[in-house]
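Below, chains carry the letters A, B, ... as their sequence lines are ordered, and counting in each starts from 1. What you see below is based on every heavy atom in this structure, not just the backbone, and it leaves out hydrogens, waters and symmetry mates. For clarity, every value in this text was computed on a predicted model and none was experimentally measured.
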Amino acid sequence: MDLQNFTPWSALLGGALIGISASLLLAMNGRIAGISGILGGILKPAAGDVAWRVAFVVGLLASGAVALVLSPANLGASPRSLGLVVAAGIFVGVGTRLGNGCTSGHGVCGLSRLSVRSMVATATFMATGIAAATLVRVLGGAS
Amino acid sequence: MNARTRELVVALAAGLLFGAGLVIAGMTQPSKVIGFLDVADGSWDPSLAFVIAGAIGVHAVVYQFLLRRPSPVFAALCTIPKRTEIDTKLVLGAALFGIGWGLGGFCPGPAVVSLVSGVQTTMAFGGAMLLSMGLVAALEPKSKDA
């Protein structure tokens with residue numbers, strides 16, 4: 001285990017902020033804070049259901065801009081090659097669309113409301129995520 | 001402010017909080033994500049398990065509270081997905097998403113937040129992700145229920 005890079009407190013705090021964000025969006029707007037779903041509603045817009053999504057994404061980008069100024073190292077680069085990250089992007093894009101969610105939609109929002117679909121989805125993407133990360137290292141694709 | 005404006009302000013605030021949470025948590029560091037997913041590695045970093053713990057810890061409690069509010073409030077939560085069946089699309093989609101996550105170290109939220117960094121591989125991931133999402137969305141049949 002990597003004890004030098006073990007950061008449980010900042011992880012917990014970051015997670016709590018994500019939880020607060022999702023709670024705010026649900027309580028006030030009645031919307032699920034699932035990023036792939038929010039993006040999907042911009043890429044395939046339904047009338048009257050776009051503006052809030054754009055506002056949310058602007059918020060995400062703005063937080064990135066603040067991070068860029070205050071702590072650019074926190075916006076890390078993938079250790080993988082260009083070809084691998086493009087493939088990764090395709091897997092994530094297709095997968096989140098087919099599976100109707102990602103780590104936030106299923107992992108945070110779905111599990112929080114005890115959705116069985118989200119439990120299955122989360123267990124599945126955790127398993128394949130672990131397998132993929134391990135396989136890349138074993139096959140020598142890691143940095 | 002009127003309801004429309006409030007909806008937008010809430011969404012903006014939520015996005016800011018969410019992004020801040022992702023950065024503070026370390027989710028925008030693909031190396032850290034891969035270090036978490038690569039459980040068999042000697043230098044396994046379990047930190048990110050605490051992210052989902054913190055998020056669910058807060059959100060699950062709030063959700064239960066919202067459920068018990070009088071019906072007009074809960075009626076607004078009509079966008080909560082109602083499907084319950086476990087189908088091939090769900091499992092296949094989740095499997096593919098996980099592969100991508102483990103390959104690149106990015107999931108959608110951190111990818112969007114990190115776009116502003118201008119890092120080449122980040123932009124490439126984001127572009128591929130958005131294009132793929134858009135393509136699948138365009139190819140899907142008209143009705144889509146969550």
_Once rounded to the nearest 0.5 Å, what's the spacing between atom CZ of A:R80 and atom CD1 of B:I34?_
4.0 Å
*Criterion side-chain contact (heavy atoms from CB on, under 4.5 Å) on A:I32 and B:I80, from CA distance to verdict*: CA-CA 7 Å; A:I32 302 291; B:I80 289 178; 4.0 Å; yes
*asked:* Under the side-chain contact (heavy atoms from CB on, under 4.5 Å) test against B:F97, which residue among A:T103, A:T128, A:T124 passes?
replied: A:T103
*Testing A:V92, A:V86, A:V94, A:T96 for side-chain contact (heavy atoms from CB on, under 4.5 Å) with B:M129, which one passes?*
A:V92
*Tell me, side chain or backbone of B:L130 under 4.5 Å from chain A's heavy atoms, or both, or neither?*
both
*Name the region of B:I52, side chain, backbone, both or neither, that has any atom closer than 4.5 Å to a heavy atom of chain A.*
side chain
*Under 4.5 Å, counting heavy-atom pairs only, tell me which of A:G89, A:G76, A:G99, A:S36 racks up the most with chain B.*
A:G89
_To check you understand the geometry: which heavy-atom pair defines the closest contact between B:V113 and A:L75, and what is its length?_
CG1-CD2, 4.1 Å
*Part of B:L22 within contact of chain A (heavy atom distance under 4.5 Å)*: both
*Would B:S132 and A:R97 count as a side-chain contact (heavy atoms from CB on, under 4.5 Å) if you check the C-alpha gap in whole Å, the side-chain angles of each, and the deciding distance to 0.1 Å?*
CA-CA 9 Å; B:S132 306; A:R97 191 71 200 177; over 6 Å; no
*Check each atom of B:V91 against the heavy atoms of chain A and say whether the ones under 4.5 Å are side chain, backbone, both or neither.*
both
_If you apply the rule side-chain contact (heavy atoms from CB on, under 4.5 Å), what do you find for B:F50 with A:F6, and how did you get there?_
CA-CA 10 Å; B:F50 290 83; A:F6 186 41; 3.6 Å; yes
*Heavy-atom distance under 4.5 Å to chain A: side chain of B:F36, backbone, both or neither?*
side chain
*What part of B:T122 lies closer than 4.5 angstrom to a heavy atom of chain A: side chain, backbone, both or neither?*
side chain
_Could you check whether A:F91 and B:F125 have their ring centres less than 6.0 Å apart?_
no
*asked:* Closer than 3.5 angstrom, by distance alone: can the side chain of A:S78 be matched with the main-chain N or O of B:G104 as a donor-acceptor pair?
replied: yes
*asked:* If you apply the rule side-chain contact (heavy atoms from CB on, under 4.5 Å), what do you find for A:R117 with B:D87, and how did you get there?
replied: CA-CA 9 Å; A:R117 269 175 64 90; B:D87 58 5; 3.7 Å; yes
